[in-house]
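Please read the structure below before turning to the comments.
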Amino acid sequence: MGERIFIGVAWPYANGSLHMGHIAGAYLPPDIFARYHRLKGNEVLMVSGSDQHGTPITVRAEQEGRPPREIAAKYHEEFLDSWRRLGISFDLFTSTDTQDHHQLAQHFFLTLKDKGYIYKDTMALLYCPSCNRFLPDRYVEGTCPYCRFEGVRGAQCDNCGKPLNSVDLIDPYCRICSALPEVKESEHFFLRLSAFNDQLLAWVKEQSHWRHNVLNFTTHLLTEGLKDRAITRDIEWGIPVPVPGFDNKRIYVWFEAVIGYLSASMEWSKNRGDEEKWRDFWQGDVKSYYFIGKDNIPFHTIIWPAMLLGYGGLNLPYDVPANEFLTLEGRPLSTSRNWAVWLPDYLERYDPDPLRYFLSANMPEGGDTDFSWREFVRRNNDELVATYGNLVHRVLTFTYRSFDGSIPSPAELDEKSKALLKRAEDTFDAVDRLLYQCHFREAMRSVMSLAQEANRYLDEKAPWKRIKEDREGCATSLYVALSAISCLKTLLYPFLPFSSQKLHRLLGFEGRVEDTSWAIAFLPPGQKLAPPEPLFVKLDEKIAEEESAKLGGG
């Protein structure tokens, strides 16, 4: 019997297009992980959705003079299109604006309140006298009081990662009108995070399999001691607070968005006609993974676990494999300065698998990594096309032409042939271990090493020379090379699903790669091959210069 795997993926704010940093940080890794586990025969549920209640949406709505729901709906549809074209295989990608999510968030709120984990108190907030309103997180900017980083907004410093209250900012100002805000008292509900400090610290110390950056950052915050946090705010857009007298306030987005993992699971369960199926992924023997960027670590290793402990009866995260950041041409991404490669723009001009390959081979797992157009073109041409694609194309083309379009029958294998197939078997074991531990970059390196070894084998055997004098030996070497290529198809499927599916068809198989299994499958001699086609397209080197010149444009 296989394992049961729950995969929760960070919820993007529906206030703008996705960019390369989002994909490298939070969206490609879980898709690789989910595809791998499905091939293994494990039961997988991968969910997420657009976060439609954050102040980024209301800020964008005010800038464009449109209702927040209209802004959120527009980008939600764009997200769905991007996932389809990039091959991100969610079981459900929903939103936080569904009736089911609203009801569950309010139920969660009331349950924690009834248990004494949510209480009412007043707090000092920034108030803009010019705009005549309290300023929610994204409506105010200032300097971080901890690391002195400027231009900080929201409930957390983007530089040092520490949770913030806007009133603590140094030299704050209103983002809408630039006025200096006043400090006023406002009544709100608070989550009693401090009640869970010791329990969370003991739990975190047991998570030796977590990435060092996640474990160290979380342990540091818990050792410093948790402070209670407000979970309501003065704003009109969002989920209403289910308590009389709070009509003009809403549940804070950081509190209700993480509940989306559970509400999305319930929605998925309802959609498939089994309203209790969600329990299989939230109770009992299941491993829960949360894929996020490093700016989201405390919300998934501290706040969400605290909420789950307070609610009771639901599994805590098994792992939170947060990635570091992706920089662009050596500089931090900046959406305000248009210093970003937007996913819809990329997908309009290029195939998805080359991007998936680059980000997999360059994934920011242990530290920040960089995307440059020059390096993207180089990796596509020198690695994806020359190392892997060329191997596949020359073997398929020669076999199709020389053996009547069929997989040839091998004779007895020599030591070189046995060694290559043994290398393929060992690669399956290595990549299996690496993917299970969420080491995606190293897994890709191991797979490409097998492709290089297959190229060396082919060059040494030179079947195009051997065919005239030893047709049987030529057939054997081609069969072995095709077997290695078939292994590469399976090994690379989690990373490169489109080209793997194409190769599956070129090798003469029907159906989908995902309906096969994570194992070496020897090719049936005599199976008809499809007419060969290149897997990848070589890119003109001028593309790097042209695309780089567009960065930072209006």
Side-chain angles (χ1 to χ4, degrees), residues 8 11 51 53-54 96 100-125 136-137 155-156 162-165 167 185-207 218-219 221-235 238-247 249-266 278-279 282-283 288 290 292 296-318 320:
W11 294 59
D51 187 341
H53 294 140
T96 56
D100 287 346
H101 176 72
H102 279 233
Q103 291 176 347
L104 182 63
Q106 290 176 330
H107 166 70
F108 225 95
F109 179 97
L110 291 173
T111 300
L112 292 177
K113 179 176 174 293
D114 290 345
K115 290 186 173 185
Y117 296 124
I118 288 177
Y119 63 93
K120 192 171 14 177
D121 200 355
T122 58
M123 65 184 299
L125 293 174
D137 47 20
Q156 181 185 29
K162 286 196 175 183
L164 296 170
N165 290 315
V167 73
E185 294 288 319
S186 183
E187 189 174 46
H188 284 279
F189 283 100
F190 290 73
L191 176 63
R192 203 182 299 274
L193 276 175
S194 56
F196 300 99
N197 202 119
D198 293 345
Q199 193 175 356
L200 285 172
L201 185 57
W203 169 68
V204 166
K205 286 181 177 179
E206 297 174 355
Q207 312 309 313
T218 304
T219 303
L221 290 179
L222 289 168
T223 302
E224 281 189 338
L226 298 180
K227 297 179 181 179
D228 299 349
R229 292 194 67 177
I231 59 168
T232 56
R233 61 181 176 180
D234 297 279
I235 195 171
I239 298 178
V241 180
V243 175
F246 282 76
D247 297 344
K249 302 178 192 291
R250 296 294 181 267
I251 297 177
Y252 217 147
V253 66
W254 64 258
F255 178 87
E256 55 100 348
V258 289
I259 299 171
Y261 297 117
L262 181 56
S263 65
S265 303
M266 291 177 171
W278 66 270
R279 296 185 185 276
W282 284 88
Q283 298 169 331
S288 304
Y290 293 85
I292 56 171
N296 260 326
I297 290 173
F299 298 100
H300 292 77
T301 62
I302 293 176
I303 292 172
W304 180 225
M307 293 165 62
L308 290 168
L309 287 170
Y311 187 83
L314 300 173
N315 289 355
L316 295 179
Y318 172 75
V320 185

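With sequence neighbours excluded, the residues that form a side chain to side chain donor-acceptor pair (under 3.5 Å) with Trp304 are Tyr290. Under the side chain to side chain contact (heavy atoms under 4.5 Å, CB included) criterion, Asp234 pairs with Leu125, Phe134, Ser186, His188, Lys249, not counting sequence neighbours. A search for salt bridge (charged side-chain N to carboxylate O under 4.0 Å, His left out) contacts involving Lys113 returns nothing, not counting sequence neighbours. Residues satisfying the side chain to side chain donor-acceptor pair (under 3.5 Å) test with Ser265, not counting sequence neighbours, are Trp282. By the side chain to side chain contact (heavy atoms under 4.5 Å, CB included) test, Asp121 pairs with Tyr119, Phe190, sequence neighbours left out. Residues passing the salt bridge (charged side-chain N to carboxylate O under 4.0 Å, His left out) test with Asp228, sequence neighbours excluded: none. Taking Lys120 as the reference, Glu187, Phe189, Phe246 meet the side chain to side chain contact (heavy atoms under 4.5 Å, CB included) condition, with sequence neighbours excluded. Applying the side chain to side chain contact (heavy atoms under 4.5 Å, CB included) rule to Glu185 yields the partners Thr122, Ala124; only residues at least two apart in sequence or on another chain are considered. Residues satisfying the side chain to side chain donor-acceptor pair (under 3.5 Å) criterion with Trp278, sequence neighbours excluded, are absent altogether. Glu206 pairs by the side chain to side chain donor-acceptor pair (under 3.5 Å) definition with nothing, not counting sequence neighbours.
For Asn197 (side chain) and Leu226 (main-chain N/O), a donor-acceptor pair under 3.5 Å exists by modelled atom type. Of the possible donor and acceptor atoms, none in the side chain of Glu256 sits under 3.5 Å from a partner among the backbone N and O of His102. Between the side chain of Arg192 and the main chain of Gly116, a donor-acceptor pair closer than 3.5 Å is present.
Heavy atoms only, all atoms of each residue included: Ala105 and Ile251 are closest at O-CD1, 4.4 Å. Trp254 approaches Ala230 most closely through the heavy-atom pair CZ2-O, 3.0 Å. Across all non-hydrogen atoms, the minimal contact from Asp51 to Gly54 is OD1-N, 3.7 Å. For the residue pair Pro317 and Leu308, the shortest heavy atom distance occurs at CD-CD1, 4.2 Å. Considering all non-hydrogen atoms of both residues, Arg229 and Leu164 come closest at NH2-O, 3.9 Å.
Each of Val243, Thr111, Ile239, Val241 was evaluated against Gln106; a single residue qualifies, Ile239, per the side chain to side chain contact (heavy atoms under 4.5 Å, CB included) test. Paired with Phe255 under the rule side chain to side chain contact (heavy atoms under 4.5 Å, CB included), one option of Thr232, Leu112, Ile303 passes, and it is Leu112.
To the nearest 0.5 angstrom, Ile231 atom CD1 is 7.5 Å from Met307 atom CE. Atom OH of Tyr252 sits about 9.0 Å away from atom CD1 of Ile235, to the nearest 0.5 Å. For the atom pair CE (Met123) and CG (Asn165), the distance works out to 5.0 Å, reported to the nearest 0.5 Å. The line from CG of Leu193 to CG of Leu222 is 9.5 Å long, rounded to the nearest 0.5 Å. A distance of 5.0 Å separates NE2 of His101 from OG1 of Thr96, quoted to the nearest 0.5 Å. With rounding to the nearest 0.5 angstrom, the CD1 atom of Ile302 is 4.5 Å from the CG atom of Leu221.
Gln103 has its side chain out of reach of Met266: every pair of non-hydrogen atoms, C-beta onward, lies at least 4.5 Å apart. Taking 4.5 Å as the limit, some side-chain heavy atom of Pro305 sits within range of a side-chain heavy atom of Leu316. Contact annotation: the side chain of Leu104 never approaches that of Asp100 to less than 4.5 Å [non-hydrogen atoms, C-beta and beyond]. By the 4.5 Å heavy-atom criterion applied to side chains, Val204 and Thr301 are not counted as neighbours. Residues Ile259 and Phe109 form no side-chain contact, since every pair of their non-hydrogen atoms from C-beta on lies 4.5 Å or further apart. Counting heavy atoms from C-beta outward, Leu200 and Leu309 have side chains that approach closer than 4.5 Å.
More than 12 non-hydrogen atoms from other residues, nucleotides or ligands lie less than 6.0 angstrom from NZ of Lys115.
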| Given the rule in the side chain to side chain contact (heavy atoms under 4.5 Å, CB included) test, do Ile292 and Ile297 qualify, once you have shown the distances and angles that lead to the verdict? | CA-CA 7 Å; Ile292 56 171; Ile297 290 173; 4.3 Å; yes
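When ring centroids are compared, Tyr311 and His107 come within the 6.0 Å threshold.
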